[in-house]
Amino acid sequence: MQAPGPARRAILAGVVLVGLLAMAGAVRWVATPGVPELGAAAGGQKASAVVQRGGFVMGSYVQITASGPQAAAGVDAALHEVRRLGALFDRFEPSSPVAQASRYAGTSAVEVPPEVAELARLASALAGQSGGAFDPTVAPLVDVWGFGDEYDHHPPQAPPDPARVERARALVDYRGLRLTRAADGSWRLGLDREGMALDLGAAAQGYAADRAIAVLQEHGVASALVDVGGEIRALGPRPGSDDGWRVAVRDPREPDRYVTTLSVRDGAVATSGDYERFFEYQGRRYSHLLDPRTGEPEQGIASVTVLHPSAAVADALATALAVLGPEAGLELLEQWQPARAMLVTTAGEVLWLDARPRIEP
Ligand code: AMP
Ligand code: MG
C-alpha cells in the first residue's frame, strides 16, 4: 500500500466527511450525491449525520464511515479496534505476538491472543486448500525479495541471488505452523524450524475490517463502510438510499481509472495487486505476491478482487488467487462459496470467476 503524500495526509488526519471520493490503496468507495452532510440535518439532529474518520495503521490508510445516532462513538471505537489489531499483527514490531512466534521458531511455541489464533487458523486452512500457493509462513521469502520492512526506504533494485531465494523458500512451509489450545482456552503458536517466520499480512487488514464492523454493530450502527488499506467491508445500505455502497475497483495500470464499480451491501471486497509493492528489472515486474512453490513473484495477474461476506476471507482469497491464477483459483473459490472474483491479467484481460451454484431454469 503506498502512503499518500503530505497534502492528502493533512486532509485525512482529522475528522472529515462525506460526499467526496475517498481514496484507498486499491479501491475507492464512491458516495453519491444525496448523502447528508454532517450537521446538515435541520436543528442539528445528529440522527442523519454521516461520520467519517481515518488514520494510518501499519502503513495503510484506514477510513471508517458510518451513519446513525451512535455513529461518532461507533467510528471512534472501531478505529481503536483496528489500531489494536494492527499492533497484534505487526510482524516488524518485536513485541507483537506475531513477531514473538517467529522469534522462538524452532525453540518453543508462544501464547498468542485469540485474534492471532483465529487468523492463523484461517490462513492455515487456505494454505492446505491451495497446495501451499498461499502460505502464512511466507515471511522469509518476502524479506529476501526486499518487500519487508525496508521496502519503503530502500525498494529493491534487482532480484536476489537464486541461492538466497532457495534458502528462504526452504523455510516456507505452512505444515510447520502448529496451533494448539490449552485446557484454559488459551492458544499457543509454534513454528517448527529456526528461521521460519509468520506473516499474516495477506489477510490482517480484512480481518481488522470485519472486527471494526462488529464494533460498529455493538454501537447500534446499521449503515457503515470500513476501508482498511483497500480491503473493504460494508454494513447495511448506503446512507440515504436503499442501495449498497459503491466500491470502485482501480485499474491496476492506471491509478485514476476504474475497471468497474460494485454495489456492496453486507459484504466485503478485497483487492490484491502487483502494483502495491513491486520493482522493475530488465523490463520485468517483480511484485510482493510471492509463489512459495517457486520462490518467485507471481507473473501474469495484475490484480484480483474478491467478494465474500467476510473481509478476512476475501482478503486471503485475493492474495491466494493472485498466485494461483484463474483455473486453480476457481477451484479454491468453490470451497468458499459464495465467493466471486475478478481478475485483471497483465495483458489487460478482465476475468470474472463465480463459483456460486447456478439455478437452472
Ligand atoms: P495482500 O495485499 O492482501 O495481497 O497481501 C500481500 C502480503 O501478503 C505481502 O506483502 C506478503 O506479506 C504476504 N504474501 C505474499 N505472498 C504470499 C503468499 N503466497 N501467501 C500468503 N501471504 C503472502
Ligand atoms: Mg490479501
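Each ligand, and each atom within it, is numbered from 1 in the order the structure gives. If you read the sequence from its start, that first residue is 1, and numbering goes on from there.
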Give a yes-or-no answer on whether the side chains of [X] and [Y] include a donor-acceptor pair shorter than 3.5 Å.
X    : Y    : value
T271 : T305 : yes
E118 : Y207 : yes
S310 : D210 : yes
S95  : E93  : yes

Keeping the roles fixed (side chain from [X], backbone from [Y]), state whether a donor-acceptor pair exists under 3.5 Å.
X    : Y    : answer
W145 : G295 : yes
R83  : F56  : yes
D274 : S287 : no

Can you confirm, on distance only, whether ligand 1 has an N/O atom lying under 3.5 Å from any N/O atom belonging to [X]?
X    : answer
A202 : yes
R277 : no
L290 : yes
S272 : yes

For ligand 1, which atoms have a heavy atom of [X] less than 4.0 angstrom away?
X    : result
E276 : 2 (O)
E231 : 3 (O)
P292 : 19 (N)
H288 : 2 (O), 6 (C), 9 (C), 10 (O), 15 (C), 16 (N)
D199 : 11 (C), 12 (O), 13 (C)

D243 bridged to R265 by N-O distance under 4.0 Å:
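Salt bridge absent between D243 and R265.
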Thinking salt bridges, do R211 and E115 make one under a 4.0 Å N-O criterion?
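The answer is no: the pair does not qualify as a salt bridge.
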Excluding water, the protein N, O or S atoms sitting under 2.8 Å from the Mg ion (ligand 2) are A202 O, D315 O, D315 OD1, T319 OG1
Can a non-hydrogen atom of [X] be found less than 4.0 Å from any atom of ligand 1?
X    : result
F147 : no
A133 : yes
A318 : no

Would you kindly check if the NZ (Lys) or CZ (Arg) of R250 is within the cone defined by 45 degrees around the ring axis of Y275 and under 6.0 Å from the six-membered ring centre?
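That pair qualifies as a cation-pi contact.
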Validate the cation-pi geometry between R277 and F147: distance from NZ or CZ to the six-membered ring centre under 6.0 Å, angle to the ring axis within 45°.
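Not flagged: R277 not positioned over aromatic ring of F147.
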How about D242 and P237: do any of their side-chain heavy atoms sit closer than 4.5 Å?
no
Tell me which one of T319, D135, L324 gets a heavy atom nearest to atom 1 (P) of ligand 1.
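Nearest option to atom 1 (P) of ligand 1, by heavy atoms: T319.
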Are L353 and L317 connected in a single hydrophobic cluster, I mean Ile/Leu/Val/Met/Phe/Trp/Tyr linked by side-chain heavy atoms less than 4.5 Å apart?
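Same cluster: L317 reaches L353 through Ile, Leu, Val, Met, Phe, Trp or Tyr contacts under 4.5 Å.
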With a 4.0 Å heavy-atom cut-off (strictly under), which part of Q205 contacts ligand 1: side chain, backbone, both or neither?
neither
